[in-house]
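What you see below is based on every heavy atom in this structure, not just the backbone, and it leaves out hydrogens, waters and symmetry mates.
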Amino acid sequence: MSAIRRGAVLGRVVLALAFVFGTAHWLPSAAVLAQPGPTVRVGALYPLTGALARIGASARHAVELAAEIVNREYRDLRPLPLASERGLPRLGGARIELVWADTRGDPATGRAEAERLIERERVTALVGSWQSAVTATVALAAERHGVPLLVPEASSPRLTERGYRWLFRTGPHDGMFTELIFSFMDEVGKLRRREMRKVAVLAEDTEFGATIAGWTMGIAQRRGYNVVAREFYTSPPASLTAELLRIRAAGPDVVIGANYLVDAILITRTLKELRWFPDGFIGHVGFNNVPDYLSAVGRDGNYFVTRAAWAPGYAKRNRLAGAVNELFRRRTGYDLDQDTAREVMGLLILADAINRAGRLDGETIRRALAETRLSADQVILPWRGVEFDSKGQNRLVGGMMVQILDGEYKVVWPFDVAEAELVWPAPPWDRR
């Protein structure tokens, strides 16, 4: 074969690979021939600038760690998906290439960036976007173009109730978390033989707070609890004294909060000023923004309980979680949290589906995601595994309850993985 003919054949092979793997890096040049292998482009959408930039920075570390686990070889992380091989074996060892987009925490920007990633960057799939409101607009772009969207952490139940075909959520939604809280309360009541049937809700007044309040009302009625007070406010609040005084007058055993970080700080300070604390105060978020919440309130944060998708204490009792947490800590200097742990796992689940699809066709990857079957020993979170229902929600998710004790977040439930004993009822302020 002549040199000219060999060059023509080689050029056709390279162009074919560029078509199959959908990456602009595959161009017929000497530089390309030096590349270690083809790549699969995945778009990652997070708030990298603005008020949520710190969250976006942590998400970036988490997603990049997951890509590294796929692209390199980590035999000690078996049976974590794709950890023990280099790249995606069913795609010739192709590597995951992350293409980043900054949502700025804005829904309109999120959708525009998703469109850019799909139309101009030619990504194969999307992962993100932390906020439920942003994720909802990103999902519209994914639906329009037929591109799979893997959602690790956004928790609005509506995301999987809108009939999206291309959205798959691996973590629990807020309704599941609320169910978890009541299961915790049931067990505590039985264990401590302490009657606690009266519940109050303190929630900010956007979709997040309204959703939590609605689920709380429904679950409470079904499980025989009585919601004695519901208080809503606009975040950030100037004061919560009136709301907490009305809650105190209603005499609840437990207060369930749907609050953001700034709200949680004000709630803590106001309860201290009122010299009142219920038997238990259980927060959805806000109280578990490590380390921001505790940095602001110090020891006054003791005895608050929060629901958690993951906690550092879990890594002490789960080998795989501990090993991944150590890799993350080496990269960042701090532990995984309930967001970053879900983000690591989210990209691994997406990469696993792309690999099983064996081709970079959106519909084939979507079917592979729908057919995902991972067991509990293949994930780093307290789940029974990964298996999506018809709406794209992982139905095998789980969670934990964490209590702040001596200025640290400690897993206190489920009791079989607890690292500290639950303090319930919480002591009054003058005994702390």
Side-chain angles (χ1 to χ4, degrees), residues 10-46 48 56 59-75 77 80-102 113-129 138 141-142 145-152 166 168 327 331 343-369 372:
L10 179 59
R12 287 196 296 272
V13 170
V14 171
L15 287 173
L17 286 170
F19 175 79
V20 171
F21 290 99
T23 171
H25 292 294
W26 275 90
L27 299 174
S29 68
V32 167
L33 296 179
Q35 293 290 321
T39 61
V40 176
R41 291 162 72 82
V42 173
L45 298 106
Y46 284 94
L48 303 178
R60 185 163 190 157
H61 284 306
V63 176
E64 286 178 345
L65 173 59
E68 179 183 299
I69 290 171
V70 173
N71 294 338
R72 296 175 61 184
E73 187 175 323
Y74 287 88
R75 291 186 177 275
L77 295 183
L80 199 65
L82 300 172
S84 60
E85 300 179 84
R86 288 182 179 270
L88 307 176
R90 295 194 63 181
L91 287 168
R95 297 170 293 110
I96 294 292
E97 177 189 353
L98 297 172
V99 185
W100 287 92
D102 181 8
E113 284 295 280
E115 298 278 359
R116 178 184 66 83
L117 289 174
I118 295 168
E119 295 177 353
R120 292 172 52 189
E121 299 293 345
R122 313 299 294 175
V123 298
T124 296
L126 300 170
V127 63
S129 305
V138 170
H145 293 280
V147 172
L149 167 62
L150 195 290
V151 179
W166 296 87
F168 294 83
L327 290 175
R331 173 183 288 262
E343 287 151 3
V344 170
M345 201 66 233
L347 185 66
L348 291 175
I349 292 165
L350 176 59
D352 174 67
I354 293 172
N355 179 61
R356 285 185 289 105
R359 52 189 291 187
L360 302 188
D361 166 69
E363 177 59 32
T364 306
I365 296 171
R366 190 201 67 80
R367 287 200 303 269
L369 276 166
T372 297

Looking at [atom1] of [X] and [atom2] of [Y], how far apart are the two atoms once the value is rounded to the nearest 0.5 Å?
X	Y	atom1	atom2	answer
Phe168	Ile349	CZ	CD1	12.0 Å
Asp352	Leu150	CG	CG	10.5 Å
Leu98	Glu68	CG	CD	11.0 Å
Ile118	Leu126	CD1	CG	5.0 Å
Glu115	His145	CD	NE2	3.5 Å
Arg86	Arg72	CZ	CZ	7.0 Å

Kindly give the heavy-atom pair with the smallest separation between [X] and [Y], and that separation in Å.
X	Y	value
Leu77	Ala83	CB-CB, 3.7 Å
Pro81	Leu348	O-CD2, 4.0 Å
Ser129	Val138	OG-CG2, 3.6 Å
Leu149	Ala142	CB-CB, 4.0 Å
Val344	Ala66	O-CB, 3.4 Å
Leu117	Ala101	CD1-CB, 3.7 Å

Using salt bridge (charged side-chain N to carboxylate O under 4.0 Å, His left out), reason through Glu97 and Arg95 one step at a time and then give a plain yes or no.
CA-CA 6 Å; Glu97 177 189 353; Arg95 297 170 293 110; over 6 Å; no
Hey, are the side chains of [X] and [Y] touching, using non-hydrogen atoms and a 4.5 Å cut-off?
X	Y	result
Val42	Ile354	yes
Pro152	Val127	yes
Tyr74	Leu80	no
Thr372	Arg356	yes
Leu82	Ile69	no
Ile96	Leu350	no

Could you check Leu91 against Leu360 for side-chain contact (heavy atoms from CB on, under 4.5 Å), going step by step and ending with a plain yes or no?
CA-CA 9 Å; Leu91 287 168; Leu360 302 188; 3.7 Å; yes
Any donor-acceptor pair under 3.5 Å from Arg359 side chain to Thr364 backbone
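Looks like no, no N/O pair under 3.5 Å.
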Hey, does the side chain of Arg366 reach the backbone of Pro148 with a donor-acceptor pair shorter than 3.5 angstrom?
no
